[in-house]
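Comments concern the structure below.
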Amino acid sequence: MPAPTQATDVASFPIAGWNQALPPAEQQRATLALESGSVLFFPKLRFALLEGEERLLSPAAAGQAKNVSLDPASGTLRGSGADEEELRLLQGMMTRFAAASASLLRNVLPRYAAALEQARTSYRPVEVAGRSTSWRKDDTRLHVDSFPSSPTRGRRILRVFANLNPHGQARTWRIGEPFEEVARRFVGSIPAPLPGSRVALSLLGVTRSPRSAYDHYMLRLHDCMKADADYQSHSAQRRFDFPPGSAWIVYTDQVSHAAMTGQYALEQTYHLPVEAMQDPARSPLRVLERQLGRALA
(Lines give C-alpha, C1' and ligand atoms only; values in the text may rest on other atoms or scores of the structure.)
Protein backbone atom coordinates (compact mmCIF):
# COMPACT_ATOMS: atom_id res chain seq x y z
CA MET A 1 0.00 0.00 0.00
CA PRO A 2 1.48 3.43 -0.94
CA ALA A 3 2.26 5.80 1.90
CA PRO A 4 -0.30 8.59 2.40
CA THR A 5 0.57 11.90 0.77
CA GLN A 6 2.02 14.48 3.15
CA ALA A 7 1.72 18.26 2.97
CA THR A 8 4.71 20.33 1.88
CA ASP A 9 7.48 20.89 4.42
CA VAL A 10 8.73 24.23 5.81
CA ALA A 11 12.50 24.53 6.34
CA SER A 12 13.61 27.15 8.88
CA PHE A 13 16.81 29.24 8.81
CA PRO A 14 17.77 31.57 11.71
CA ILE A 15 19.44 34.44 9.83
CA ALA A 16 18.45 37.95 10.96
CA GLY A 17 19.92 40.17 8.22
CA TRP A 18 19.13 40.53 4.53
CA ASN A 19 22.89 40.71 3.82
CA GLN A 20 23.79 37.76 6.07
CA ALA A 21 25.32 34.84 4.18
CA LEU A 22 24.48 31.26 5.05
CA PRO A 23 27.41 28.84 5.47
CA PRO A 24 27.98 26.70 2.33
CA ALA A 25 26.40 23.60 3.90
CA GLU A 26 23.27 25.60 4.78
CA GLN A 27 23.16 27.10 1.28
CA GLN A 28 23.14 23.57 -0.09
CA ARG A 29 20.40 22.55 2.36
CA ALA A 30 18.33 25.58 1.32
CA THR A 31 18.71 24.84 -2.39
CA LEU A 32 17.77 21.18 -2.02
CA ALA A 33 14.80 22.00 0.21
CA LEU A 34 13.50 24.72 -2.13
CA GLU A 35 13.83 22.60 -5.27
CA SER A 36 12.17 19.67 -3.49
CA GLY A 37 9.11 21.84 -2.91
CA SER A 38 9.69 23.16 0.62
CA VAL A 39 9.09 26.71 1.82
CA LEU A 40 12.21 28.42 3.18
CA PHE A 41 11.24 30.27 6.38
CA PHE A 42 13.25 33.02 8.10
CA PRO A 43 11.50 33.66 11.46
CA LYS A 44 13.93 36.42 12.55
CA LEU A 45 14.25 38.28 9.24
CA ARG A 46 12.44 41.60 9.72
CA PHE A 47 12.11 44.17 6.96
CA ALA A 48 12.43 47.47 8.82
CA LEU A 49 10.48 50.54 7.75
CA LEU A 50 12.10 53.95 7.53
CA GLU A 51 10.81 57.07 9.25
CA GLY A 52 7.49 58.12 7.75
CA GLU A 53 6.75 54.78 6.09
CA GLU A 54 4.43 53.74 8.93
CA ARG A 55 1.72 55.79 7.22
CA LEU A 56 1.77 53.19 4.43
CA LEU A 57 0.38 50.59 6.87
CA SER A 58 -3.16 51.31 5.75
CA PRO A 59 -5.43 49.60 3.20
CA ALA A 60 -5.89 53.05 1.65
CA ALA A 61 -2.39 52.69 0.17
CA ALA A 62 -3.91 50.34 -2.41
CA GLY A 63 -6.94 52.46 -3.25
CA GLN A 64 -9.56 50.23 -4.89
CA ALA A 65 -7.02 47.49 -5.73
CA LYS A 66 -5.85 44.64 -3.49
CA ASN A 67 -2.14 45.15 -4.31
CA VAL A 68 0.24 47.89 -5.31
CA SER A 69 2.78 46.77 -7.92
CA LEU A 70 6.11 48.26 -8.98
CA ASP A 71 7.50 47.64 -12.46
CA PRO A 72 11.29 47.20 -12.08
CA ALA A 73 12.00 48.32 -15.64
CA SER A 74 10.12 51.62 -15.57
CA GLY A 75 9.73 52.27 -11.86
CA THR A 76 6.00 52.73 -12.45
CA LEU A 77 3.62 52.10 -9.55
CA ARG A 78 0.19 50.61 -10.30
CA GLY A 79 -2.81 50.03 -8.07
CA SER A 80 -2.31 52.82 -5.55
CA GLY A 81 -4.70 55.61 -4.67
CA ALA A 82 -2.09 57.40 -2.56
CA ASP A 83 -1.21 61.09 -2.79
CA GLU A 84 2.07 62.31 -4.23
CA GLU A 85 3.97 62.11 -0.93
CA GLU A 86 2.74 58.58 -0.18
CA LEU A 87 3.58 57.49 -3.72
CA ARG A 88 7.15 58.63 -3.11
CA LEU A 89 7.25 56.66 0.14
CA LEU A 90 5.71 53.58 -1.50
CA GLN A 91 8.20 53.64 -4.34
CA GLY A 92 11.09 53.98 -1.92
CA MET A 93 9.89 51.17 0.38
CA MET A 94 9.20 48.78 -2.49
CA THR A 95 12.48 49.57 -4.28
CA ARG A 96 14.34 48.93 -1.04
CA PHE A 97 12.55 45.60 -0.57
CA ALA A 98 13.44 44.55 -4.12
CA ALA A 99 17.10 45.22 -3.34
CA ALA A 100 16.88 43.43 0.02
CA SER A 101 15.27 40.35 -1.58
CA ALA A 102 18.01 40.22 -4.22
CA SER A 103 20.65 40.36 -1.48
CA LEU A 104 18.88 37.58 0.44
CA LEU A 105 18.84 35.32 -2.61
CA ARG A 106 22.53 35.95 -3.32
CA ASN A 107 23.37 34.94 0.24
CA VAL A 108 21.01 31.96 0.57
CA LEU A 109 20.86 30.60 -3.00
CA PRO A 110 24.07 31.83 -4.66
CA ARG A 111 23.97 29.31 -7.53
CA TYR A 112 20.92 31.19 -8.90
CA ALA A 113 22.43 34.68 -8.75
CA ALA A 114 23.59 35.04 -12.36
CA ALA A 115 20.37 33.66 -13.87
CA LEU A 116 17.63 35.34 -11.80
CA GLU A 117 15.35 37.73 -13.67
CA GLN A 118 13.62 40.33 -11.47
CA ALA A 119 9.91 40.80 -12.12
CA ARG A 120 7.34 42.91 -10.27
CA THR A 121 7.44 43.96 -6.64
CA SER A 122 4.09 44.06 -4.84
CA TYR A 123 2.76 45.51 -1.60
CA ARG A 124 -0.34 43.86 -0.15
CA PRO A 125 -1.93 46.12 2.49
CA VAL A 126 -5.46 44.71 2.26
CA GLU A 127 -6.72 41.93 4.57
CA VAL A 128 -6.81 38.61 2.71
CA ALA A 129 -9.84 37.17 4.52
CA GLY A 130 -13.29 38.34 3.49
CA ARG A 131 -12.45 39.78 0.08
CA SER A 132 -15.20 39.34 -2.50
CA THR A 133 -13.86 37.85 -5.72
CA SER A 134 -14.46 35.13 -8.31
CA TRP A 135 -13.40 31.56 -7.56
CA ARG A 136 -10.65 31.82 -10.16
CA LYS A 137 -9.10 34.85 -8.44
CA ASP A 138 -9.73 33.58 -4.92
CA ASP A 139 -6.29 33.02 -3.45
CA THR A 140 -7.73 31.51 -0.27
CA ARG A 141 -8.14 28.35 -2.39
CA LEU A 142 -5.18 26.02 -2.82
CA HIS A 143 -3.42 26.65 -6.13
CA VAL A 144 -0.09 26.84 -7.93
CA ASP A 145 0.80 30.08 -9.68
CA SER A 146 0.52 30.65 -13.40
CA PHE A 147 0.15 34.01 -15.16
CA PRO A 148 -2.72 34.24 -17.71
CA SER A 149 -1.26 37.19 -19.64
CA SER A 150 2.48 36.62 -19.08
CA PRO A 151 3.62 33.17 -20.25
CA THR A 152 6.72 31.83 -18.49
CA ARG A 153 7.47 29.11 -21.07
CA GLY A 154 8.77 26.88 -18.28
CA ARG A 155 10.73 29.43 -16.27
CA ARG A 156 10.33 29.10 -12.52
CA ILE A 157 8.30 31.55 -10.41
CA LEU A 158 10.38 32.28 -7.30
CA ARG A 159 8.91 34.64 -4.71
CA VAL A 160 10.23 36.35 -1.56
CA PHE A 161 7.69 37.53 1.04
CA ALA A 162 7.91 39.62 4.23
CA ASN A 163 5.18 40.23 6.82
CA LEU A 164 5.12 43.88 7.97
CA ASN A 165 1.97 43.68 10.09
CA PRO A 166 2.24 46.13 13.05
CA HIS A 167 -0.58 44.53 15.06
CA GLY A 168 0.92 41.09 15.68
CA GLN A 169 -1.14 39.37 12.97
CA ALA A 170 0.42 36.44 11.15
CA ARG A 171 0.02 35.85 7.45
CA THR A 172 -1.62 32.44 7.47
CA TRP A 173 -1.24 30.00 4.59
CA ARG A 174 -2.56 26.57 3.86
CA ILE A 175 0.22 24.57 2.23
CA GLY A 176 -0.79 21.54 0.17
CA GLU A 177 0.60 18.35 -1.25
CA PRO A 178 3.73 18.03 -3.47
CA PHE A 179 3.47 19.21 -7.07
CA GLU A 180 3.92 15.74 -8.53
CA GLU A 181 0.83 14.57 -6.63
CA VAL A 182 -1.17 17.63 -7.71
CA ALA A 183 -0.26 17.06 -11.35
CA ARG A 184 -1.01 13.34 -11.15
CA ARG A 185 -4.44 14.16 -9.75
CA PHE A 186 -5.50 16.68 -12.43
CA VAL A 187 -3.35 16.72 -15.54
CA GLY A 188 -4.94 13.68 -17.20
CA SER A 189 -8.28 15.50 -17.40
CA ILE A 190 -6.87 18.63 -19.06
CA PRO A 191 -7.41 18.74 -22.85
CA ALA A 192 -4.52 19.68 -25.11
CA PRO A 193 -4.54 23.26 -26.45
CA LEU A 194 -6.43 23.85 -29.69
CA PRO A 195 -4.11 24.16 -32.71
CA GLY A 196 -3.12 27.78 -33.24
CA SER A 197 -4.87 29.03 -30.09
CA ARG A 198 -1.71 30.00 -28.24
CA VAL A 199 -0.45 32.23 -31.07
CA ALA A 200 -3.93 33.67 -31.63
CA LEU A 201 -4.13 34.79 -27.99
CA SER A 202 -0.89 36.69 -28.46
CA LEU A 203 -2.02 38.33 -31.70
CA LEU A 204 -5.25 39.43 -30.02
CA GLY A 205 -3.31 40.98 -27.14
CA VAL A 206 -4.65 38.57 -24.50
CA THR A 207 -1.10 37.42 -23.74
CA ARG A 208 2.15 39.37 -24.03
CA SER A 209 3.77 36.54 -26.00
CA PRO A 210 2.60 33.15 -27.31
CA ARG A 211 1.85 30.59 -24.60
CA SER A 212 3.80 27.38 -24.59
CA ALA A 213 2.03 24.08 -24.04
CA TYR A 214 3.48 24.26 -20.52
CA ASP A 215 1.65 27.55 -19.84
CA HIS A 216 -1.58 26.01 -21.13
CA TYR A 217 -1.36 23.06 -18.73
CA MET A 218 -0.28 25.18 -15.76
CA LEU A 219 -3.19 27.60 -16.21
CA ARG A 220 -5.67 24.74 -16.44
CA LEU A 221 -4.06 23.08 -13.42
CA HIS A 222 -4.48 26.29 -11.43
CA ASP A 223 -8.16 26.42 -12.38
CA CYS A 224 -8.81 22.72 -11.75
CA MET A 225 -7.39 23.01 -8.24
CA LYS A 226 -9.45 26.07 -7.33
CA ALA A 227 -12.67 24.70 -8.83
CA ASP A 228 -12.52 21.36 -6.99
CA ALA A 229 -14.26 21.79 -3.61
CA ASP A 230 -13.44 18.25 -2.50
CA TYR A 231 -9.76 18.79 -3.25
CA GLN A 232 -9.79 22.05 -1.31
CA SER A 233 -11.27 20.35 1.75
CA HIS A 234 -9.74 16.89 1.78
CA SER A 235 -6.33 16.90 0.09
CA ALA A 236 -3.19 16.73 2.24
CA GLN A 237 -2.50 20.18 3.65
CA ARG A 238 -1.25 22.05 6.68
CA ARG A 239 -1.71 25.50 8.18
CA PHE A 240 1.37 27.67 8.68
CA ASP A 241 1.54 31.10 10.30
CA PHE A 242 4.21 33.54 9.07
CA PRO A 243 4.45 36.04 11.96
CA PRO A 244 5.25 39.76 11.69
CA GLY A 245 8.97 40.31 11.32
CA SER A 246 9.48 37.11 9.33
CA ALA A 247 10.23 36.39 5.67
CA TRP A 248 9.95 33.36 3.41
CA ILE A 249 11.02 32.14 -0.04
CA VAL A 250 8.95 29.76 -2.14
CA TYR A 251 8.54 28.47 -5.68
CA THR A 252 4.85 29.36 -6.04
CA ASP A 253 4.59 27.49 -9.36
CA GLN A 254 5.46 24.31 -7.43
CA VAL A 255 4.08 24.67 -3.92
CA SER A 256 0.32 24.28 -3.54
CA HIS A 257 -0.64 27.24 -1.34
CA ALA A 258 -3.54 29.40 -0.21
CA ALA A 259 -3.31 32.71 1.68
CA MET A 260 -6.06 32.61 4.30
CA THR A 261 -5.51 35.67 6.49
CA GLY A 262 -3.06 38.52 6.76
CA GLN A 263 -2.49 42.18 5.97
CA TYR A 264 0.57 44.28 5.09
CA ALA A 265 2.99 42.02 3.21
CA LEU A 266 5.69 42.75 0.66
CA GLU A 267 6.45 40.32 -2.17
CA GLN A 268 9.12 40.18 -4.85
CA THR A 269 8.82 37.89 -7.87
CA TYR A 270 11.76 36.45 -9.81
CA HIS A 271 11.93 34.15 -12.81
CA LEU A 272 14.59 31.48 -13.15
CA PRO A 273 15.38 29.35 -16.21
CA VAL A 274 14.95 25.66 -15.45
CA GLU A 275 18.52 25.01 -16.59
CA ALA A 276 19.85 27.19 -13.74
CA MET A 277 18.42 24.86 -11.10
CA GLN A 278 20.63 22.37 -9.31
CA ASP A 279 18.15 19.63 -10.24
CA PRO A 280 15.97 20.65 -13.23
CA ALA A 281 14.13 17.30 -13.03
CA ARG A 282 12.23 18.64 -10.01
CA SER A 283 10.78 21.61 -11.91
CA PRO A 284 7.06 21.65 -12.80
CA LEU A 285 8.05 21.70 -16.48
CA ARG A 286 9.96 18.42 -16.24
CA VAL A 287 7.31 16.82 -13.99
CA LEU A 288 4.54 17.60 -16.48
CA GLU A 289 6.68 16.45 -19.40
CA ARG A 290 7.28 13.12 -17.69
CA GLN A 291 3.59 12.65 -16.91
CA LEU A 292 2.39 13.68 -20.40
CA GLY A 293 5.24 12.01 -22.29
CA ARG A 294 6.20 14.95 -24.50
CA ALA A 295 8.07 18.26 -24.56
CA LEU A 296 6.02 21.27 -23.43
CA ALA A 297 8.35 24.24 -23.94
Side-chain angles (χ1 to χ4, degrees), residues 5-16 18 20 22 26-47 97 100-112 116 119 121-122 124 128 139-146 155-165 169-183 218 221-222 225 232 235-262 264-272 277-279 282-284 287:
T5 299
Q6 300 294 316
T8 292
D9 192 18
V10 177
S12 184
F13 297 84
I15 65 173
W18 295 83
Q20 181 180 342
L22 282 179
E26 287 292 272
Q27 291 173 349
Q28 177 69 359
R29 180 170 78 91
T31 302
L32 290 175
L34 186 70
E35 294 190 358
S36 298
S38 293
V39 178
L40 306 188
F41 176 46
F42 304 89
K44 300 179 180 180
L45 189 55
R46 177 180 300 276
F47 182 76
F97 181 70
S101 70
S103 178
L104 177 67
L105 293 178
R106 284 194 300 271
N107 285 294
V108 174
L109 305 163
R111 69 168 294 117
Y112 293 168
L116 282 169
T121 315
S122 78
R124 306 176 179 195
V128 173
D139 288 340
T140 67
R141 302 184 186 211
L142 288 167
H143 64 284
V144 290
D145 283 349
S146 185
R155 291 178 302 161
R156 304 304 313 274
I157 301 173
L158 180 64
R159 286 181 153 169
V160 181
F161 294 86
N163 185 356
L164 308 184
N165 195 285
Q169 182 189 18
R171 197 164 186 90
T172 299
W173 278 20
R174 285 188 295 144
I175 304 173
E177 63 189 3
F179 182 82
E180 196 138 4
E181 299 300 322
V182 175
M218 286 295 287
L221 186 60
H222 168 279
M225 293 172 71
Q232 293 293 324
S235 62
Q237 57 190 272
R238 64 183 295 191
R239 168 183 165 144
F240 196 87
D241 293 333
F242 298 98
S246 70
W248 59 106
I249 301 172
V250 57
Y251 275 127
T252 57
D253 57 346
Q254 181 177 11
V255 173
S256 171
H257 63 287
M260 305 306 295
T261 64
Y264 309 121
L266 283 165
E267 176 271 325
Q268 177 63 55
T269 298
Y270 292 89
H271 293 134
L272 184 78
M277 294 175 61
Q278 180 166 303
D279 186 0
R282 295 184 182 273
S283 68
V287 170

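Please read all numbers here as calculations on a predicted model, not as lab measurements.
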side-chain hydrogen bond (donor to acceptor under 3.5 Å, both in side chains) for Q232 and R141? Distances and angles first, verdict last. CA-CA 7 Å; Q232 293 293 324; R141 302 184 186 211; over 6 Å; no
So, for [X] and [Y], which heavy atoms are closest and what is the spacing to 0.1 Å?
| X | Y | answer |
| --- | --- | --- |
| F242 | N163 | O-ND2, 2.9 Å |
| L45 | A16 | CD1-C, 3.7 Å |
| V144 | H257 | CA-CE1, 4.5 Å |
| T252 | R159 | OG1-CD, 3.5 Å |

Measure the shortest side-chain to side-chain distance between [X] and [Y] over non-hydrogen atoms and say whether it is less than 4.5 angstrom.
| X | Y | result |
| --- | --- | --- |
| T269 | L158 | no |
| I15 | L104 | yes |
| H143 | S256 | no |
| F97 | W18 | yes |

In L40, V108, V255, the residue satisfying side-chain contact (heavy atoms from CB on, under 4.5 Å) with L34 is L40
Does any N or O in the side chain of Q254 come within less than 3.5 Å of the main-chain N or O of E35, such that one atom is a donor and the other an acceptor?
yes
Would the distance check show the side chain of E181 and the main-chain N or O of A236 forming a donor-acceptor pair, the cut-off being under 3.5 Å? no
Heavy atoms of other groups near R46 CZ, more than 12 under 6.0 Å:
no
Worksheet entry | Heavy-atom neighbours of R239 CZ exceed 12 at 6.0 Å | no
F161 vs W173 aromatic rings, parallel, tilted or perpendicular, using cut-offs 30° and 60°?
perpendicular
Salt bridge (Lys or Arg N to Asp or Glu O under 4.0 Å) filter on R156, not counting sequence neighbours, yields D253
Across all chains, not counting sequence neighbours, the side chain to side chain donor-acceptor pair (under 3.5 Å) partners of D279 are R282
